[in-house]
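Down below is the structure, laid out as C-alpha cells.
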There are 2 protein chains.
Amino acid sequence: MGVSLKDIAERAGVSLATVSNVVNGYRPVGESTRQRVQQAIDELGYTPNLSARHLRRGRTGLIALAIPELTNPYFAELADVAIREAAGLGYTLLMENTAGERTEELTLLDGAQRHIIDGLILSPVAIGRNEVLGRRAQLPLVLIGEGVYDVPYDHIAIDNVAASRTATAHLVALGRRRIAFVGAPPWDDRQSAHLRIRGYREALVEAGMPFDLRLVAPTAQFGRTDGERAMRHLLTLDEPPDAVLAYNDLTAIGALRALARAGVRVPDDVAVAGIDDIEEGRFSNPTLTTIAPDKREIGRLAVRRLVARIEGDARPPAHEQPTFRLVERESSGSTR
Amino acid sequence: MGVSLKDIAERAGVSLATVSNVVNGYRPVGESTRQRVQQAIDELGYTPNLSARHLRRGRTGLIALAIPELTNPYFAELADVAIREAAGLGYTLLMENTAGERTEELTLLDGAQRHIIDGLILSPVAIGRNEVLGRRAQLPLVLIGEGVYDVPYDHIAIDNVAASRTATAHLVALGRRRIAFVGAPPWDDRQSAHLRIRGYREALVEAGMPFDLRLVAPTAQFGRTDGERAMRHLLTLDEPPDAVLAYNDLTAIGALRALARAGVRVPDDVAVAGIDDIEEGRFSNPTLTTIAPDKREIGRLAVRRLVARIEGDARPPAHEQPTFRLVERESSGSTR
DNA sequence: TTGAAAGCGCTAACAC
DNA sequence: GTGTTAGCGCTTTCAA
C-alpha cells in the first residue's frame, strides 16, 4: 500500500539501514547522502509504518489514561493536558473509561491491554490498596487521584486532607457553624476517598466544632445527580446545615441545584464549596467556591513519570503532590 | 518478553497455523486439538501481539475521533458513546484534539496518522467544504456535525436548520418579539455553522418578524466565555432582546451567567435556549431549555459507518440525520 | 560512513 | 484438518 523504507532506499540509491538512520538520527550520516535520502522521502511522501516499528522495538508508543468518566469535566480537562504532554514526548495517549467499575479497573490493572499499550495511568475509584498490591502485570503503572495510597507505584495526587481542610476552614472563617459534607463514599472497608472527609473533620475539630455524622451525606457516585439528592436530604434535617463542602465540584453543582429548587439562598442561608475547579463552576449561578488543584501539573507529571518508567527509569516509586489553592467565589460570599 | 504463538505451538505440539486458527477461528480445527491449544494458551497466559498482527494484516484496529475540544461536554458525551461502540466492533478509539484549528484539521485530513489509524471520524469546524474536497489521503473518513456539507464522504448530523428553527419557533410561541442569536460564527467565506442561523432566520420570517442583524452576536469560539461576552454586548443595545437562542448549550450557559450578573431575570425578562442537551444544562440555575440531538445514535452511526468503510463497504457515501427533540426547561418558562 | 542480513510475531497462501 | 513457509516494514548487529 504505502511507501516503505525500501522504496526510499531504492530511489536514493542507498541501503535500508542508511534511510533508517536518516529517519531516526541514531547514527551520523554523510551530508550529501542525507540530502538525497531526504529528497526521496519528500518526493514519495514517506511516513514510517508504526506497526512494523513497534513490532521491532517491542513497544507501541501508546499509553492509556484510565479514568472513571470522560464526562466529568475534571477528567476531561486532565485528559486534555495529558494528551498534549504525551504527544510532546512522542507517545499517543488513548483513553479508557472504567465507569468507576471494579471489574474494569481490575482488568486494566492485570494488563488486559498489555500488547497494545506501553504503560497505564490509572485513577482508581472502585478498587482499593489490596487489589493494587496484588497486581501481577508488569506494565509500567502510574496512579493518580485520591483513590489509593501507599502502594509501590508512582502516584500523583494533591494533599487531599489538606485540600478539604482548607476548604472547610474557609467556611468556618465565614462564621458558619453547621457545616455539612456532601458526597461521602459509602462506608465500606475500602480506603478510597476518605481523605477528604478526614480533612473536613480535622478542620472542624481544630475550630472546636463537633463532627456530626448526620451532616455527612453519603452518595453512590460523585455526579451532579448524587449531589442534588444528598443536598435534598440534608435540607430535611431538623437543623439543616448553613454551609456545605462537597466531595467535588460536580456534587457541589448538584447541591446548588437542590438549594435553588428549595428556594434556599446561597450564600446567605447556605454557603457552598467544592473541589476540582472545573470551568462549569466559574459560570454557575452562583459561581462556585472551590479548591483548584494544579491540573496542568498533575497531567504533566503523570505522563512524564510513566514515560520515564517505560524508558527504563528504575528509581524507587515516588509520591508527588502538586499544589492546590482556594478559589473564593459567590457561593461562599464573594460578590465579584 | 511475552508469550508468543510459537510458545503455544510447542507446548501444545501443533503448528503455528493451528494455534492461529484456534485464536482467530478462521479455519475449522479438530476438537481435541483445539482443547490442547486452548489449555496451553490459558496456562501460559498468551495474548496476541497486536503490532505483529497489524503489520501482517495491514490494519491497526485503531480509529480516531477528532473533535475541537474534549472539554466541551457535548463532545465528551459523544466520545463516551463512540468508545463503547468501537470496542464492541473490535476497534480501539483514540481521541484527537484539533482545538478547532485549521492546521490541525488539515493535517488530520491529509492523513498525518495514516499508519497508526485505520480510519477517521472528524468534526470539522475551522475548515470548509473546499478543503475537504481537496483532500488526497485515502484513509476512510466519516464527518460529523454541522461544519461541512455536500462532500463525498459519509456524514452524520442532525438537521441543523430544522433544529434551530424549532428552538426559535418555541421562543416565538412564548410571545417573545426580540429574539437574539448568540454565537454566530465570524462572517467569512466558510460554509461552517451558518445553518443554525438559517433556521433561526426562517422561524422569524415564518412568524412575520424581522431578521435584525443587530440581534445576531458573533463569537470567536463557542465556549461559555464567548456566550457571556456576547450576551453582555446584547444587553447594551437600546432595545435589548427578550429572548436568546444560543449556538450551543455552552454559549447559552455563558449567556445565563451574563444575565445573572446584570440582574436580568430568566425567563421573565429574557428567555434562553441552547442546542446540545449537555448534562450541565439540566443543573444550571435556571435549568436550560435546549434541543437534544440523539447523541447515542450519532456516535453509533459514525463508528459503524467508518468500520464498514474500513472493512470494504463500497456503497456511495450517505448523509444520515439522527433525530432531535425540544426539551423545555426553566430558562424558557417551564417551572418543573 | 555505509551495507547486508537476521528476525520481531503474526497471517495466509499453498501443500499435504 | 493440519503443517510449512514467505513476508509484512522496520531496527540493529556485525562487517566492511
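In this text the structure is predicted, and so the values were computed from the model without any measurement. Per chain, numbering begins at 1; letters A, B, ... match sequence-line order.
- Remark: T33(A) is not in phosphate contact with dT1(C), judged by side-chain N or O atoms under 4.0 Å from OP1 or OP2.
- With the end axes of the helix from dT1(C)-dA16(D) to dC16(C)-dG1(D) each set by five pairs, the angle from one to the other reads 30° at 10° resolution.
- Rounded to a whole Å, the CG atom of D7(A) is 13 Å from the C1' atom of dC8(D).
- Annotation: the span from I144(A) atom CD1 to R305(A) atom CZ amounts to 14.5 Å, rounded to 0.5 Å.
- In this entry the distance linking CD of E10(B) with P of dG3(D) reads 13 Å, nearest Å.
- R84(B) places no side-chain N or O within donor-acceptor distance of the main-chain N or O of R300(B), the cut-off being under 3.5 Å.
- Heavy atoms only, all atoms of each residue included: L108(A) and A66(A) are closest at CD1-CB, 3.5 Å.
- We find that CG of L55(B) is positioned 9 Å from P of dC8(D), with the value rounded to whole Å.
- Contact between T60(B) and I117(B) at its shortest, heavy atoms only, is OG1-CA, 3.7 Å.
- Of the candidates T323(B), D294(B), I298(B), I158(B) forms a side chain to side chain contact (heavy atoms under 4.5 Å, CB included) with just one, namely I298(B).
- Look at CG on N49(A): it is 17 Å from P on dC10(C), rounded to the nearest Å.
- Looking at which nucleotide of DNA chain C each of S4(B) and V29(A) is closest to, the 5′-most match is held by V29(A).
- Within 4.0 Å of S51(B), counting heavy atoms only, lies no atom of the nucleic acid at all.
- Residue K6(B) contributes atom NZ, which lies 13 Å from atom P of dT4(D) at whole-angstrom precision.
- Residue M95(A) holds its CE atom at 12.0 Å from CD1 of I63(A), rounded to the nearest 0.5 Å.
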How would you summarise protein contacts on nucleotides 11-16 of chain C per nucleotide, using B for base, S for sugar-phosphate only and - for none, with heavy-atom distances below 4.0 Å?
BB-B--
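- Put simply, the residue from Q39(A), E31(A), Q38(A) that forms a side-chain hydrogen bond (donor to acceptor under 3.5 Å, both in side chains) with Q35(A) is E31(A).
- Atom CD of E31(B) and atom P of dT2(D) are 10 Å apart (whole Å).
- Considering CD1 of I121(A) and CG of L78(A), their distance stands at 8.5 Å, rounded to 0.5 Å.
- Taking a 6.0 Å sphere around CD of E77(B), one finds it holds more than 12 heavy atoms contributed by other residues, nucleotides or ligands.
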